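Every number for a ligand or one of its atoms is a count from 1 in the order of the listing. Every heavy atom of this structure was used, including side-chain atoms; hydrogens, water molecules and symmetry mates were not. Every value quoted in this text rests on a predicted model; they were computed, and no experiment measured them.
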Amino acid sequence: MELSLTVPPVHTTCPYCGVGCGVLVSPDGEGGTRIAGDPDHPANFGRLCSKGSALAETLSFEGRLLHPMMRDAGGALAQTTWNAALDRVARGLRGTLDRHGPGSIAFYVSGQLLTEDYYVANKLMKGFLGSANIDTNSRLCMASSVAGHRRAFGADIVPGCYEDLDQADLIVLVGSNAAWCHPVLHQRMVKNKRERGARIVIVDPRCTATAQDADLVLQIAPGTDGVLFSGLLSHLAESKALDRGFVRNCTTGFDAALARAREIAPDPQRIAESCGVAREDVATFFDWFGITEKVVTLYSQGVNQSAQGTDKVNAIINCHLATGRIGQLGAGPFSLTGQPNAMGGREVGGLANQLAAHMDFDAKSVDRVRRFWNAPAMAESPGLKTMDLFEAVEAGRIKALWVMATNPAVSLPRADAMRDVLGKLDLFVVSEVVAANDTIAGKPHVLLPAAAWGEKNGTVTNSERRISRQHAFLVPPGDSMPDWWMVCEVAKRLGFGKAFAFRYASEIFSEHARLSAFENDGTRGFDLGGLSDLSPLAYNELAPVQWPVPEGQSGGRNRLFANGKFLTPESRARFVAIEPPALAEVQAEPYPFLLNTGRVRDHWHTMTRTGKSPRLSGHIDEPFVEVALTDAAACGLEDNGFARVTSAHGSAVLRVKVSDGQRQGELFAPIHWSAETASNARLGALVHPMRDPHSGQPDMKATPVAIAPVTFGAHGFLLSRTPIVLPEDFWWARAAVYGGTLTRFAMNVPEQDWEAFGQRLLNAEGPVIELHDTTRRTYRAATVNHERLSACLYLAAGDHKLPGLDWLKKQLSAPRLDPRARTALLAGRAPDGMADTGPVICACFGVGLVAIQDLIAEGKAVSVEAVGHYLKAGTNCGSCQPEIKKLMTTTKGGRVLASAEM
Ligand code: SF4
């Protein structure tokens with residue numbers, strides 16, 4: 001009889017977006033890790049998107065910060081012990097407090113932290129250091145939703161749940177490219193459309209991948225969401241679609257909100273003109289919304305990241321309140337959170353304007369939390385929101401700053417200026433997973449190595465209020481420790497040992513749950529009383545649960561407000577009369593375009609994790625700017641050329657993609673590239689510091705910019721086992737490939753110097769073989785060591801063609817080059833004549849653009865399902881299905897007719 005031993009998989013949660021998918025982790029039997037979707041997790045029922053599916057490729061310890069580091073008197077960073085580093089942080093905080101008072105210190109934390117990390121950071125700052133200057137990078141992501149919820153409902157509550165997306169008959173997506181940014185949820189919506197016939201409406205200035213599955217696309221002018229939803233409110237009133245009983249019995253402020261809506265959007269023609277869309281499309285949308293009972297309106301960064309973000313949120317909520325469509329099966333407004341634990345951070349008080357456990361800074365709450373924590377120095381008023389906080393660093397008012405698990409030198413507006421001000425701090429502490437990033441380039445005095453995903457325990461809360469466990473399944477490398485441990489150790493050194501004597505994450509969670517229930521008579525929606533006495537074992541085995549979970553209960557509630565009772569003092573929801581939107585008109589010279597920033601399908605934030613995955617980097621491997629065809633022609637920009645995009649605050653040089661998804665006068669560029677991964681593509685550097693007056697959330701969707709072509713004499717790429725540093729005046733972008741690094745570049749080295757340049761670049765890797773074709777104006781060089789390819793370089797002048805990457809990438813990862821492949825290296829193509837597959841469309845199965853185009857040319861790609869049948873593309877996570885659909889409409893005979901939006 002054979003005895004087989006199997007290790008049960010670890011149940012954990014994906015570390016990327018706010019969908020919060022359950023993940024199963026197990027050994028793959030070959031020394032690696034197998035990642036699968038958790039079929040029992042209610043957020044994803046086994047599905048993962050391309051990012052989640054590739055998590056195993058991101059677990060290497062390469063680039064990790066392994067030990068505490070401290071800057072010495074001469075300015076050099078040197079390894080030190082935890083004791084010395086933590087003593088230095090505590091000493092620095094104490095000294096700053098004594099000299100300058102609590103207003104001079106700040107923590108800048110992150111939606112990537114676990115709730116337990118967040119809880120102790122908030123407790124230390126607001127209860128023991130006496131300042132409320134702790135804010136989170138969720139300020140850049142969700143703050144306008146928080147402010148809108150609090151205005152309308154009296155608390156920061158998402159009323160609905162994911163099941164509503166399966167049950168809605170009309171799904172409205174506003175400012176959300178869910179197909180790329182919340183792919184697993186998007187697939188649920190598409191399934192609803194396919195199986196139940198739900199309609200999908202997109203409201204967005206960009207025609208994104210999400211639009212591929214839409215029944216109606218309203219490609220509105222930036223900032224006009226408030227006009228559209230004001231018009232909808234007026235329409236609902238005029239077409240007798242109101243739920244008058246609900247409005248009368250469960251709400252306040254309807255008349256004022258309607259009067260304001262009528263002012264803002266007086267008639268259909270004016271709405272269509274202001275929004276820049278066809279009147280018939282507006283009418284269709286209004287009709288569908290009016291006659292459909294089960295409507296879910298989802299909104300994300302396109303709504304939140306706006307100077308009128310909070311009003312936009314309330315304009316949407318107003319329409320749901322007016323129809324009583326809230327907290328019902330298949331109906332409600334729904335904020336899609338960006339980060340994995342943006343919600344958890346909001347729950348503990350990670351935003352500077354909330355105290356803790358969803359409590360405000362009113363005297364009663366301050367006193368309640370003071371007594372609960374036995375806090376010696378309770379903050380009594382809100383602290384500085386992110387932008388104000390960093391401006392206070394700039395002005396010298398903040399003297400000590402601890403940044404945890406985020407990279408503000410890339411992600412903040414005016415990122416260059418914000419990076420530079422970090423040098424002004426008397427004490428600058430960074431706790432991080434990576435050894436180098438743009439924020440660390442700001443020269444912290446102390447660097448603390450943090451445990452990463454898979455190395456620590458805790459909880460996260462997703463967009464539908466569902467708390468899930470993250471479990472450790474790896475031993476943290478080097479000296480890395482969880483952030484909560486660091487905070488507690490500093491607190492102990494400051495003399496607060498008793499209040500921070502937590503030994504395990506479970507103990508922190510219990511206290512967090514108890515605080516949420518402390519003196520909670522039901523007027524505070526956030527209540528985890530039923531989870532406050534979990535044993536360590538029960539915490540370990542905690543199944544995903546939606547809050548609230550009041551005392552005496554173990555299960556949560558999927559929908560809230562179904563009874564028409566809200567959390568305002570009067571128990572009624574509030575309509576908000578929004579301010580007339582300040583429309584983001586196309587600016588005059590010198591910045592005549594509006595720059596919209598966002599994400600791509602397969603990368604996350606500043607790529608410190610996804611950038612490690614060759615699979616994910618195969619989809620888009622360089623920073624780009626999307627430009628409308630007419631603008632490209634007017635500005636002399638060529639598809640695949642380069643452009644400098646400039647604002648009043650900074651500039652970037654990006655690859656040009658001429659796109660039929662862009663409105664005229666508007667540009668789009670992704671946020672992911674940093675100084676670590678590209679020569680000049682830090683988009684935050686361009687973004688203006690405008691912000692919403694209620695939420696403080698920066699407007700990252702409409703920065704006035706200019707765009708102009710940049711020409712280089714030659715362009716090329718370099719595949720190398722280790723990254724090779726290029727000269728400073730080169731444009732370059734780096735991406736992971738199996739076996740090494742791909743560096744795309746452009747330069748102005750004269751052709752007669754190419755050989756010297758190539759030899760200089762590759763010499764360190766071994767003897768160089770090379771071919772300079774002066775007729776075709778191309779240069780190729782490679783080094784082979786011990787029968788393995790070490791590096792290869794391909795250069796072409798002007799718009800002369802480069803070889804395809806696909807076969808060359810395979811040679812870099814091959815354990816040995818066979819003689820035919822070696823001979824073919826300088827030709828840059830497979831000796832058997834196999835065609836290059838082009839950029840990856842389906843990351844799960846590595847299916848390239850060319851393979852799909854060929855299938856279309858053969859007439860076999862009659863549907864997305866048929867493409868899946870022949871190539872498997874799109875049959876796993878489905879994230880690439882919108883792109884496949886788009887290719888089917890833009891490709892004929894294997895030739896792309898319009899620039900595919902990728
Ligand atoms: S949708 Fe993708 S990125 Fe988001 S949680 Fe799920 S697997 Fe992770």
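We find that Lys657 and Glu626 are not joined by a salt bridge, their nearest charged nitrogen and carboxylate oxygen being 4.0 Å or further apart. We find that Asp602 and Lys51 are not joined by a salt bridge, their nearest charged nitrogen and carboxylate oxygen being 4.0 Å or further apart. In summary, Asp169 and Arg199 do not engage in a salt bridge, as defined by a charged side-chain N under 4.0 Å from a carboxylate O. The existence of a salt bridge linking Asp164 and Lys294 is excluded, since no basic side-chain nitrogen approaches an acidic carboxylate oxygen closer than 4.0 Å.
Shown here is Glu195, whose CD atom has more than 12 heavy atoms of other residues, nucleotides or ligands within 6.0 Å.
Aromatic ring centres of His471 and Trp453 lie farther apart than the 6.0 Å criterion allows.
Counting only distances under 2.8 Å, and ignoring water, the protein N, O or S atoms around atom 6 (Fe) of ligand 1 are Cys21 SG.
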